[in-house]
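Just below is one structure, and these are the notes that go with it.
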Amino acid sequence: MNTPVVVHAHAGNVFGGVETALCAIASASSHGPVKHRFVLGWDGRLASELRRLGAAVEVIGASRLSRPWTVWRARRALRRSLQRSPAAAVLFHSTWALAVYGPAARQSGSRVACWLHAPMSRGSWLDRRAATFGPDVWCANSEYSAALSTWATGGACTVVHPPLPPPELAESDGGDLPDTGERKVILCAARLDPDKGHLVLLDALARLRHRSDWVCWIAGVAPPGRDAYAAVLRSRAEALGIAANVVWLGERRDIPALLKRSWLMCQPNTVPESFGLSFAEALSCGVPVVTSDIGAAAVVVPDSCGIRCRPHDADAVARAVGLLLSDPSLRSSLSQAGPAHIGQLCDPALQTARLVRSMGIG
């Protein structure tokens with residue numbers, strides 16, 4: 001009897017929570033009853049990390065909707081791939097991927113599925129097109145994403161939380177970490193984007209500048225074309241008088257190593273996270289999280305594992321961070337609860353199996 005195959009179709013030009021989940025699927029399914037292949041548009045960091053994990057990866061070429069010929073070329077490449085190696089299902093990890101590659105998957109006769117890693121928006125023409133395309137199966141990464149996407153899915157959407165790879169599978173960055181002395185590390189590991197709340201974080205840290213017991217590591221880079229925002233953040237740190245306490249680490253591939261050195265993670269988002277895999281990563285390493293009480297935060301960061309604050313409230317963030325810096329027993333209690341909570345919420349084998357079942361496979 002042939003082993004069922006699921007093809008994961010994704011752009012692959014950036015690396016974040018979705019890409020971390022794909023790596024978890026690759027690591028969890030290496031000896032499972034279903035084979036997983038990955039078809040990507042770009043040969044970037046995601047492709048290299050999947051290969052490092054032993055996954056089957058095929059790069060079919062970058063596509064841009066503004067350049068129709070690149071879309072047609074990618075569809076031809078996917079059709080040929082599915083003809084050579086038929087799949088029981090093709091799973092798309094964004095509405096962009098569904099719009100670009102969907103017709104080729106449909107023509108192959110494979111079951112078509114879309115895993116929503118963010119809520120769908122009526123205001124997005126891509127999301128409206130995806131809704132019209134109508135995959136056979138809809139999944140969502142959280143109850144939050146599913147609830148806001150019912151206009152497109154009709155409520156027929158299975159919630160599958162994104163799996164998290166074990167910390168030991170993370171790629172080593174090989175770079176030395178800054179010497180912090182006796183200071184406690186506050187880590188913010190997120191792309192430099194206004195949605196992630198870096199400005200709120202810096203304003204909160206300014207309220208703690210009278211203390212000498214902390215240093216903040218900021219790991220992440222700006223998305224393409226957003227370099228000006230990185231400069232704004234550095235200027236704000238200078239203006240607030242905390243530049244000496246903020247270390248800009250740039251892009252890192254060894255987040256678990258950073259977390260092992262951290263006292264807490266603080267990422268006060270200004271817009272909702274549809275899940276927040278970076279929070280799950282911190283909690284799995286026993287690092288409490290301070291974030292905004294919006295989106296799926298209450299599911300990922302319950303009161304037993306961290307502190308949630310009102311969005312845009314730098315005073316509240318400063319109080320939460322200050323409390324964790326000053327109260328080791330509270331920090332210890334939150335730290336101990338994190339791994340067990342995330343172990344249930346984001347178990348790679350469990351969530352990968354649930355994803356496969358949602359597509360009617362196995």
Side-chain angles (χ1 to χ4, degrees), residues 7-22 38-42 44 46 59-79 82 89-108 110-160 162 191 193-196 222-226 269 271-277 295-296 355 358-359:
V7 168
H8 298 263
H10 192 49
N13 58 329
V14 297
F15 197 94
V18 177
E19 293 71 30
T20 298
L22 289 175
F38 299 85
V39 174
L40 308 175
W42 277 260
L46 175 59
V59 177
I60 59 175
S63 304
R64 301 188 187 280
L65 290 168
S66 60
R67 300 173 184 175
W69 61 92
T70 65
V71 174
W72 301 332
R73 183 178 59 204
R75 288 176 181 172
R76 284 197 301 271
L78 179 58
R79 273 196 302 270
L82 293 173
V90 180
L91 176 60
F92 297 99
H93 292 272
S94 68
T95 52
W96 179 92
L98 183 58
V100 171
Y101 308 128
R106 183 71 79 194
Q107 291 165 9
S108 73
S110 300
R111 196 163 175 78
V112 177
C114 185
W115 193 6
L116 300 175
H117 296 277
M120 296 180 74
S121 169
R122 289 180 185 271
S124 166
W125 73 268
L126 262 180
D127 289 355
R128 293 197 305 271
R129 182 170 180 175
T132 302
F133 184 81
D136 302 308
V137 176
W138 289 103
C139 298
N141 65 347
S142 67
E143 291 79 358
Y144 172 79
S145 292
L148 292 183
S149 303
T150 54
W151 66 270
T153 65
C157 188
T158 302
V159 173
V160 181
R191 67 180 182 273
D193 186 289
D195 295 351
K196 301 301 182 180
R226 302 291 293 274
N269 293 333
V271 301
E273 286 277 7
S274 61
F275 187 79
L277 207 55
L355 184 64
S358 75
M359 292 182 283

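Starting from 1, each residue takes its place in the sequence as its number. The structure presented is a predicted model; accordingly, all values stated were derived computationally and were not measured.
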Could you list the residues that satisfy ring-ring contact (aromatic ring centres under 6.0 Å, His included) with [X], not counting sequence neighbours?
X: F38; result: H8
X: W138; result: none
X: W96; result: Y101

Would you confirm whether D127, through its side chain, and S121, through its main-chain N or O, come within 3.5 Å as a donor-acceptor pair?
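Such a contact is found between D127 side chain and S121 backbone.
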Exam field: side chain W115 to backbone P162, donor-acceptor pair closer than 3.5 Å:
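Not at all, since once roles are kept as given, no pair shorter than 3.5 Å links the two residues.
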Rounded to the nearest 0.5 Å, what separates atom [atom1] in [X] from atom [atom2] in [Y]?
X: L355; Y: T158; atom1: CG; atom2: OG1; answer: 9.5 Å
X: L91; Y: M359; atom1: CG; atom2: CE; answer: 5.0 Å
X: R106; Y: R79; atom1: CZ; atom2: CZ; answer: 14.5 Å

Could you report the tightest heavy-atom contact between [X] and [Y], atom names first, then the distance?
X: L82; Y: A105; answer: CD1-CA, 4.0 Å
X: A9; Y: V90; answer: CB-CG1, 4.2 Å
X: F92; Y: L98; answer: CD1-CD1, 3.5 Å
X: V100; Y: V71; answer: O-CG1, 4.0 Å
X: C139; Y: S358; answer: SG-OG, 3.2 Å
X: A99; Y: R75; answer: O-NH2, 2.9 Å

I'd like to check the side chain to side chain contact (heavy atoms under 4.5 Å, CB included) partners of [X]; sequence neighbours left out, ordered by chain and number.
X: A77; answer: I60
X: W125; answer: L65, R128, R129
X: R111; answer: A89, D136, V137
X: P119; answer: Y144, S145, L148, S149, S274

Summary of salt bridge (charged side-chain N to carboxylate O under 4.0 Å, His left out) pairs that have at least one residue in [range], sequence neighbours excluded:
range: residues 59-73; result: none
range: residues 112-122; result: none
range: residues 149-158; result: none

With sequence neighbours excluded, what pairs up with R191 under the salt bridge (Lys or Arg N to Asp or Glu O under 4.0 Å) test?
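Salt bridge (Lys or Arg N to Asp or Glu O under 4.0 Å) check on R191 returns D193.
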Residues 13-22, side-chain donor-acceptor partners within the protein, below 3.5 Å, at least two apart:
unit_1	atom_1	unit_2	atom_2	d
E19	OE1	G16	N	2.6
E19	OE2	H10	NE2	2.7
T20	OG1	G16	O	2.9

Side chain to side chain contact (heavy atoms under 4.5 Å, CB included) between T153 and L116, worked out:
CA-CA 10 Å; T153 65; L116 300 175; 4.2 Å; yes
